[in-house]
Each structure stands twice: as C-alpha cells, then as structure tokens.
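Step one of this worksheet: look at the structure below.
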Amino acid sequence: MKPLVWLGIGLVVAWAILWLGIKMAVFAVHLLLLIGVAMIGWGLLQRRRADTPS
C-alpha cells in the first residue's frame, strides 16, 4: 500500500508543477502579445509625429 501512496503523492506533485508551468506560459504569451501591441502603437504614433511638420 505504501508504494501506491508515494506514487499518488508524486502524481499530485507532478500535476501541480505542470499546472503552474502552463499558467506561467499562458501569462507569458499574453504579456508578449500586450508588449507587441504597445510597440506597434508606439511605432505608429512616432511615425505620425515625424510626418507632421511642427
């Protein structure tokens, strides 16, 4: 019975680590998306400022 308990604990720990990893990956993907959109907006704003004479 003891090996089954240790196997169960190992599976729960592996699940927790993978769940955390997936959460971090999803967060990273969304963060990169937001940074990309901000950089596109910043670039377009700078281009528009350069096109208009002051």
Side-chain angles (χ1 to χ4, degrees):
M1 189 68 175
K2 208 154 194 155
L4 285 178
V5 171
W6 284 109
L7 183 61
I9 290 172
L11 287 174
V12 170
V13 168
W15 171 83
I17 291 170
L18 288 173
W19 179 79
L20 181 62
I22 290 170
K23 278 280 227 203
M24 302 260 308
V26 168
F27 173 75
V29 166
H30 284 92
L31 183 63
L32 288 173
L33 177 67
L34 289 175
I35 290 171
V37 168
M39 290 176 74
I40 289 170
W42 183 264
L44 291 175
L45 184 64
Q46 293 298 323
R47 192 173 117 194
R48 190 171 298 163
R49 280 190 189 161
D51 288 343
T52 57
S54 33

Hydrophobic cluster partners of Ile17 (side-chain heavy atoms under 4.5 Å) | Val5, Trp6, Ile9, Val13
For Leu31, what are the other residues in its hydrophobic cluster, where any two members join if their side-chain heavy atoms are less than 4.5 angstrom apart?
-> Phe27, Ile35, Met39
Got a sec, which hydrophobics cluster with Val12, joining ILVMFWY side chains under 4.5 Å apart, including via others?
-> none
Mind checking what makes side-chain contact (heavy atoms from CB on, under 4.5 Å) contact with Leu44, not counting sequence neighbours?
-> Ile40, Arg47
Only counting residues at least two apart or in another chain, list the ones meeting side-chain contact (heavy atoms from CB on, under 4.5 Å) with Trp15.
-> Trp19
By the rule that ILVMFWY residues connect when side-chain heavy atoms come within less than 4.5 angstrom, directly or transitively, which residues belong alongside Ile22?
-> Val26
